[in-house]
Amino acid sequence: MEKQSKKFLEAAAKVEAKNYTIEEAIKLAKEVSFAKFDETVDLAFRLGVDPRHADQMIRGAIALPAGTGKEVKVCVITSGDKIKAAEEAGADFVGGDDIVAKIAGGWLEFDRVIASPDMMGKLGRIGRVLGPRGLMPNPKLGTVTPDVAKAVAEQKAGKVEYRTEKNGIIHVPIGKASFDDTKIRQNFDAIVTAIIKAKPSSSKGTYLKSLAISTTMGPGIKIDTLEASAIAGK
């Protein structure tokens with residue numbers, strides 16, 4: 001534990017107490033990554049919203065142009081010919097009542113759940129299992145859809161979900177430390193644009209209060225919010 005702490009302190013010492021340009025921050029985040037595994041690159045937004053108010057709760061999903069670098073196990077709950085469509089699209093687990101029963105029994109060996117609208121009535125019994133884990137299918141996130149094949153393809157390609165947490169914070173992954181700078185920048189631009197454009201009309205004052213990038217084990221690196229906000233206007 002001490003060894004890891006020492007490495008973190010060494011990495012943190014390379015980060016100045018200033019706002020970096022986007023390109024500088026991406027390069028530095030990769031430079032100070034020290035774990036032996038391929039760390040995830042994350043963004044942390046602090047927004048001028050109050051998530052206690054429903055109209056200021058920001059939630060959505062976006063397919064990152066360069067993917068996430070993570071293998072996502074997708075479970076599809078559907079029926080009829082959609083079962084074959086989901087399987088052909090690459091879903092890891094596909095079924096109907098049998099899948100619902102397995103989940104009700106505690107089975108959770110998947111990262112995303114997609115359901116066709118005709119199965120929503122049967123998901124009530126597993127809502128208490130999926131809901132707290134952020135796995136409950138949601139039409140707003142594209143995980144309740146008649147086109148299950150398309151939804152599977154999007155999840156496999158690197159679709160990420162985001163939502164405001166307490167104090168207006170949003171955490172979202174944008175790739176791996178092994179990605180080249182261009183891929184991380186593509187994903188950065190995509191997610192920043194989506195979140196900036198999601199600003200609720202009831203949000204007053206500064207919307208993007210702060211933005212930082214980090215790897216799983218690395219220190220946070222602050223990014224110039226004016227430069228980041230300008231991306232959405234391009």
Side-chain angles (χ1 to χ4, degrees), residues 15-30 39-70 72 112 134 138-143 145 150-151 153-177 179-216 218-234:
V15 180
E16 296 180 39
K18 69 173 189 178
N19 290 327
Y20 287 82
T21 66
I22 297 167
E23 290 186 5
E24 289 173 340
I26 290 173
K27 183 177 180 180
L28 184 57
K30 292 175 61 179
E39 296 182 61
T40 296
V41 178
D42 293 295
L43 286 182
F45 296 78
R46 185 166 68 89
L47 305 176
V49 297
D50 185 349
R52 292 176 298 178
H53 300 293
D55 62 343
Q56 292 192 30
M57 169 61 77
I58 296 171
R59 184 177 187 183
I62 184 173
L64 297 178
T68 62
K70 177 184 176 182
V72 179
R112 293 284 186 273
N138 187 320
K140 293 182 179 179
L141 300 177
T143 46
T145 173
K150 179 182 177 183
E154 288 178 341
Q155 294 294 341
K156 287 290 185 179
K159 192 170 188 177
V160 296
E161 298 177 4
Y162 55 87
R163 64 180 297 170
T164 41
E165 302 167 12
K166 190 168 67 172
N167 298 324
I169 305 295
I170 290 181
H171 289 99
V172 62
I174 59 168
K176 294 288 186 177
F179 279 21
D180 61 43
D181 292 6
T182 301
K183 286 186 176 181
I184 294 177
R185 179 60 193 264
Q186 288 175 342
N187 288 346
F188 178 97
D189 287 1
I191 191 66
V192 168
T193 297
I195 290 177
I196 293 295
K197 290 187 174 180
K199 178 183 179 180
S201 58
S202 57
S203 172
K204 306 301 180 184
T206 303
Y207 177 58
L208 181 56
K209 291 188 172 183
S210 68
L211 176 61
I213 188 171
S214 65
T215 55
T216 305
I221 300 163
K222 292 182 179 180
I223 294 174
D224 184 347
T225 56
L226 291 177
E227 184 189 3
S229 297
I231 292 173
K234 291 182 179 179

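- The environment of E24 atom CD is dense: over 12 non-hydrogen atoms of other residues, nucleotides or ligands sit within 6.0 angstrom.
- The shortest distance between side-chain heavy atoms of K159 and V72 does not fall below 4.5 Å.
- Open room surrounds NZ on K183; 12 or fewer heavy atoms of other groups in view lie less than 6.0 Å from it.
- Nearest approach of K222 to K18, heavy atoms of both residues: CB-O, 3.6 Å.
- Between P139 and T145, every side-chain heavy-atom pair lies at or beyond the 4.5 Å cut-off.
- Closest of all the heavy-atom pairs between L208 and A228 is CD2-CB, 4.1 Å.
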Working note: I195 + Y207, criterion side chain to side chain contact (heavy atoms under 4.5 Å, CB included); need CA distance, chi angles, decisive distance, verdict. CA-CA 10 Å; I195 290 177; Y207 177 58; 3.9 Å; yes

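- Counting non-hydrogen atoms of other residues, nucleotides and ligands closer than 6.0 Å to NZ of K27 gives a total of 12 or fewer.
- Other residues, nucleotides and ligands contribute at most 12 non-hydrogen atoms within 6.0 Å of the NZ atom of K166.
- Here the shortest heavy-atom pairing between T164 and P51 reads OG1-CB, 3.8 Å.
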Please determine whether side chain to side chain contact (heavy atoms under 4.5 Å, CB included) holds for the pair I231 and I22, giving the CA-CA distance in whole Å, both sets of side-chain angles, and the decisive distance to 0.1 Å. CA-CA 11 Å; I231 292 173; I22 297 167; 3.5 Å; yes

V192 and F45: side chain to side chain contact (heavy atoms under 4.5 Å, CB included), yes or no, with the steps? CA-CA 9 Å; V192 168; F45 296 78; 3.9 Å; yes

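- Nearest heavy atom pair, residue A194 against residue I62, reads CB-CD1, 4.0 Å.
- Between F179 and V41, the closest side-chain pair of non-hydrogen atoms is not below 4.5 Å.
- Considering every non-hydrogen atom in both S214 and G220, the closest pair reads CB-CA, 3.9 Å.
- Across N138 and R59, no two heavy atoms sit closer than the pair ND2-NH1, 3.5 Å.
- With a 4.5 Å cut-off on side-chain heavy atoms, D181 and E23 do not count as touching.
- The shortest side-chain heavy-atom distance between T225 and N19 does not fall under the 4.5 Å cut-off.
- When side chains are defined from C-beta on, T40 counts as touching K176, because their heavy atoms get closer than 4.5 Å.
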